[in-house]
Amino acid sequence: MPARSYRFGLLLSVTLCGMAVLILEITATRMLAPYFGNSIFTISSVISIVLAALGLGYYLGGSLADRRPSAVWFFSLIATAGFSVLLLQLFNALLLPGIAYRLSLISGPAIVSLLMFFLPALFLAMLSPFAITLLHAREPDRGVGRASGLVFFWSTLGSIAGSLGTGFLLVPHWGIGSIIVGVGSGLVLLGAAGLWLTRERSAIVPLGLALLSLICAGALRQVAVAEDKSVVYAADGLYDRIVIRDMTLRGRSARILMQDLSVSGGHYLDDGSMAFDYTKYYGLYRLFVPELRAALAIGGGTYSVPAAILRDSPRAVVDVAEIDPTLHALARRYFALPEDARLRNHVTDGRRFLHDTGERYDLIFSDAFGSLISAPAQFSTLEFFRLARARLREDGVLIANFYGSLAPDSRAAIYAVLRTMRVAFAQVYVLATAGPDSEALQNFIFVGHNAADPGRRVDLKEVAALELKAPQALLDAHAVLTDDYAPMEYYAANAIRRYDAATGRRAAPSRSRTP
């Protein structure tokens with residue numbers, strides 16, 4: 001084979017393999033999210049395991065390349081890497097649900113990442129030192145430094161393409177299983193093509209095994225989906241796995257929306273009423289705002305709160321800032337959201353919308369949640385609360401839903417948010433929906449009042465018994481949360497550990513109280 005063609009083949013191979021590494025790494029977090037949430041623990045676990053595999057793979061690949069510097073071994077490793085990726089999909093379809101639900105939300109991602117992603121990343125990492133050795137052996141006059149530079153340049157370029165392509169093309173248009181099968185099959189075909197060109201006809205063996213795995217993986221995935229009759233809709237969204245499920249809740253038929261692990265809302269099928277009690281607290285605005293003219297909902301979910309506001313306030317206009325572009329249409333189709341010109345849907349991040357909008361609101365209802373039981377950090381900080389207050393009209397209110405516990409070892413999130421809100425708002429109220437003396441995991445409804453008279457407190461009337469009244473000394477022991485320091489997922493982890501220890505089973509995070 002001419003030197004130029006040989007060099008092109010090696011560099012094209014390392015480019016495609018570098019692309020595969022990043023596709024797998026990004027897709028891995030989406031694969032684990034339905035079981036462990038798309039949390040900092042999941043992301044850190046995947047990155048750490050992949051880095052460990054890459055480090056060991058570079059070492060083993062270099063050692064093997066010194067002993068057996070042949071193109072046959074190089075392309076055999078590519079085919080083997082592809083086969084390991086296809087085995088990963090088999091693991092995902094067949095074994096992951098049974099294993100993942102037995103593991104903690106905190107340590108589970110690391111364990112599963114080690115089982116699933118270590119081997120494919122290891123084989124892919126072995127290819128770079130192999131390519132450097134082969135390239136230098138074929139063109140010794142160029143020097144090992146130049147050979148290394150070429151390989152790492154093209155491998156990194158492939159990784160960049162894989163990272164951007166996964167986020168902007170693959171995930172929005174393909175399912176996770178299809179991405180994994182596509183990467184695995186592509187690697188096997190690449191390895192087989194290289195072996196064929198090197199006159200190693202045994203390429204048909206790994207290719208046949210890969211195709212068999214592809215067929216089995218697809219069949220198993222279809223069986224897994226078909227078995228669950230309660231699922232009305234299931235698809236990979238831009239940010240998480242979206243599942244709409246019909247179930248029995250408190251003795252009534254209900255339809256719920258789940259985004260990864262989070263229950264994002266639902267309604268009863270018999271009368272369309274809200275299935276989760278915490279959502280009724282949006283109506284607290286009536287104690288502060290006599291006539292609602294403009295409202296903003298941060299986080300759409302099933303759009304039950306925006307629909308209720310439209311129904312209760314015939315003259316109000318409701319903006320909804322929902323970052324997932326599919327949820328509005330799903331709410332229309334599955335949750336009876338009416339078509340109403342007064343509802344203006346904005347596909348954007350809620351905080352970014354607050355920054356960019358020139359509107360002023362009587363009510364801002366914040367119900368944005370991450371994959372664990374905490375709100376995303378950017379909706380918990382002093383900067384966010386000050387921005388929200390700046391977008392409120394006089395006597396307008398921010399109502400924010402948080403989830404946590406008042407137990408001594410897990411109450412930091414609630415008290416830190418309360419202390420932070422008191423810096424931004426003159427009047428702050430907190431309702432503990434299960435009671436201010438309960439240490440159970442529960443919803444906490446925070447109300448920040450942009451009071452015309454900062455010294456006037458509003459009578460909470462029939463919900464006054466739920467108000468959490470924390471002494472200032474207790475609040476002072478907790479941090480004011482800022483964009484620079486807001487460890488909300490760490491606080492959530494403490495609550496999850498306590499729940500695990502108390503019940504002997506894994507917590508089920510949601511926006512609402514677990515039914």
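Everything numeric in this text was worked out from a predicted model, so none of it was measured.
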Review point. Charged N to carboxylate O under 4.0 angstrom, Arg351 versus Asp483?
Key: yes
Review point. Okay, side chain of Thr166, backbone of Gly162: is any donor-acceptor separation there less than 3.5 Å?
Key: yes
Point to revise | Donor-acceptor contact present, side-chain Ser155 to main-chain Val151, <3.5 Å | key: no
**Study point:** Straight-line distance of Leu481 CG to Leu418 CG, nearest 0.5 Å
**Key:** 11.0 Å
**Study point:** Distance (rounded to the nearest 0.5 Å) between Leu187 CG and Ser84 OG
**Key:** 8.0 Å
Study note, to complete from the structure: Heavy-atom nearest pair, Met488 first then Ala377, reads CG-CA, 4.2 Å
Review point. Between the main-chain N or O of Ile180 and the side-chain N or O of Gln89, is there a donor-acceptor pair closer than 3.5 Å?
Key: no
Review point. With sequence neighbours excluded, what pairs up with Arg419 under the side chain to side chain donor-acceptor pair (under 3.5 Å) test?
Key: none
Revision key, fill the gap. For Ser230 and Arg245 the tightest heavy-atom approach is OG-NH1, 3.0 Å
**Study point:** Chi angles and distances behind the side chain to side chain donor-acceptor pair (under 3.5 Å) call for Gln259, Ser264
**Key:** CA-CA 7 Å; Gln259 295 175 263; Ser264 299; 2.7 Å; yes
Practice item. With rounding to the nearest 0.5 Å, note down the distance linking CG in Leu60 to CE in Met126. Key: 5.5 Å
Check your understanding: Between CG of Leu56 and CG of Leu51, what distance do you get to the nearest 0.5 Å?
Key -> 12.5 Å
Review point. Less than 4.5 Å apart, any side-chain heavy atom of Ile99 and any of Phe91?
Key: yes
Practice item. Begin with the C-alpha distance, continue with both residues' side-chain angles, and end with the deciding distance and a verdict on side chain to side chain contact (heavy atoms under 4.5 Å, CB included) for Leu88 and Met31. Key: CA-CA 11 Å; Leu88 161 63; Met31 189 180 294; 4.3 Å; yes
Review point. Should the pair Phe152 and Tyr58 be assigned to parallel (<30°), tilted (30 to 60°) or perpendicular (>60°) ring geometry?
Key: perpendicular
Revision key, fill the gap. Note: Glu439 and Pro408 closest approach over all heavy atoms is OE2-CD, 3.7 Å
**Study point:** Minimal non-hydrogen separation, Leu406 against Tyr415, with atom names
**Key:** CD2-OH, 4.0 Å
Point to revise | Non-hydrogen side-chain atoms of Leu134 and Trp73 separated by less than 4.5 Å | key: no
Check your understanding: Between Met116 and Leu96, is a side chain to side chain contact (heavy atoms under 4.5 Å, CB included) present by the stated rule, with each step listed?
Key -> CA-CA 9 Å; Met116 295 182 65; Leu96 181 58; 3.8 Å; yes
Point to revise | Beyond-backbone contact of Tyr233 with Val243, side-chain heavy atoms, under 4.5 angstrom | key: no
Check your understanding: Are any of the side-chain heavy atoms of Val263 and Leu257 separated by less than 4.5 Å?
Key -> no
Check your understanding: Which value, rounded to the nearest 0.5 Å, describes the distance between Leu16 atom CG and Leu11 atom CG?
Key -> 11.0 Å
Exercise for review: Not counting sequence neighbours, which residues clear side chain to side chain donor-acceptor pair (under 3.5 Å) with Asn345? List them please.
Suggested key: Tyr303
Check your understanding: OH of Tyr59: more than 12 outside heavy atoms within 6.0 angstrom?
Key -> no
Point to revise | Under 3.5 Å: donor-acceptor pair, side chain of His173, backbone of Leu169 | key: yes
Review point. With a 4.5 Å limit on heavy-atom distance, are the side chains of Glu322 and Val347 in contact?
Key: no
Review point. Passes side chain to side chain contact (heavy atoms under 4.5 Å, CB included), Ser185 versus Leu86? Steps please.
Key: CA-CA 7 Å; Ser185 300; Leu86 290 170; 4.0 Å; yes
Check your understanding: Between Asp240 (side chain) and Asp260 (backbone), is there a donor-acceptor pair under 3.5 Å?
Key -> no
Review point. Under 4.5 Å between any side-chain heavy atoms of Val14 and Phe130, yes or no?
Key: no
**Study point:** Atom pair CZ (Phe117) and OG (Ser45), whose distance is rounded to the nearest 0.5 Å
**Key:** 10.5 Å
Point to revise | Under 3.5 Å: donor-acceptor pair, side chain of Ser113, backbone of Ala110 | key: no
**Study point:** Non-hydrogen atoms of Phe75 and Ser13 that approach each other most closely
**Key:** CE2-OG, 3.5 Å
Check your understanding: Less than 4.5 Å apart, any side-chain heavy atom of Pro109 and any of Val46?
Key -> no
Point to revise | Aromatic plane relationship, Phe446 with Phe402 - under 30° parallel, 30 to 60° tilted, over 60° perpendicular | key: perpendicular
Review point. Does Arg30 reach the main-chain N or O of Gly237 with its side chain, forming a donor-acceptor pair under 3.5 Å?
Key: yes
Check your understanding: Sub-3.5 Å donor-acceptor pair from the side chain of Ser128 to the main-chain atoms of Ala125, do we have one?
Key -> no
Point to revise | Heavy atoms of other groups near Asp476 CG, more than 12 under 6.0 Å | key: yes
Check your understanding: Hey, is Asp246 close enough to Arg255 for a salt bridge, meaning N to O under 4.0 Å?
Key -> yes
List the atom pairs, with distances to 0.1 Å, where a side-chain N or O of residues 324-332 and a protein N or O form a donor-acceptor pair under 3.5 Å, not counting sequence neighbours.
residue	atom	partner	partner atom	Å
Asp324	OD1	Thr326	N	2.9
Asp324	OD1	Thr326	OG1	2.6
Arg332	NE	Leu337	O	3.3

Review point. Any donor-acceptor pair under 3.5 Å linking the side chain of Arg7 with the backbone of Leu135?
Key: no
Check your understanding: Given the rule in the side chain to side chain contact (heavy atoms under 4.5 Å, CB included) test, do Leu87 and Leu90 qualify, once you have shown the distances and angles that lead to the verdict?
Key -> CA-CA 5 Å; Leu87 287 178; Leu90 285 173; 3.9 Å; yes
Study note, to complete from the structure: From the list Ile323, Leu354, Val320, Asp367, side chain to side chain contact (heavy atoms under 4.5 Å, CB included) with Ile298 holds only for Leu354
Exercise for review: Please tell me if the side chains of Phe379 and Pro376 come closer than 4.5 Å, counting only heavy atoms from C-beta onward.
Suggested key: yes
Exercise for review: Verify whether the ring centers belonging to Tyr403 and Phe444 lie closer than 6.0 Å.
Suggested key: no
Practice item. Measure the acute angle between the ring planes of Phe353 and His346, then classify it against the limits of 30° and 60° as parallel, tilted or perpendicular. Key: tilted
**Study point:** Residue pair Ala20 / Leu124: nearest heavy atoms and the distance that separates them
**Key:** CB-CD1, 4.3 Å
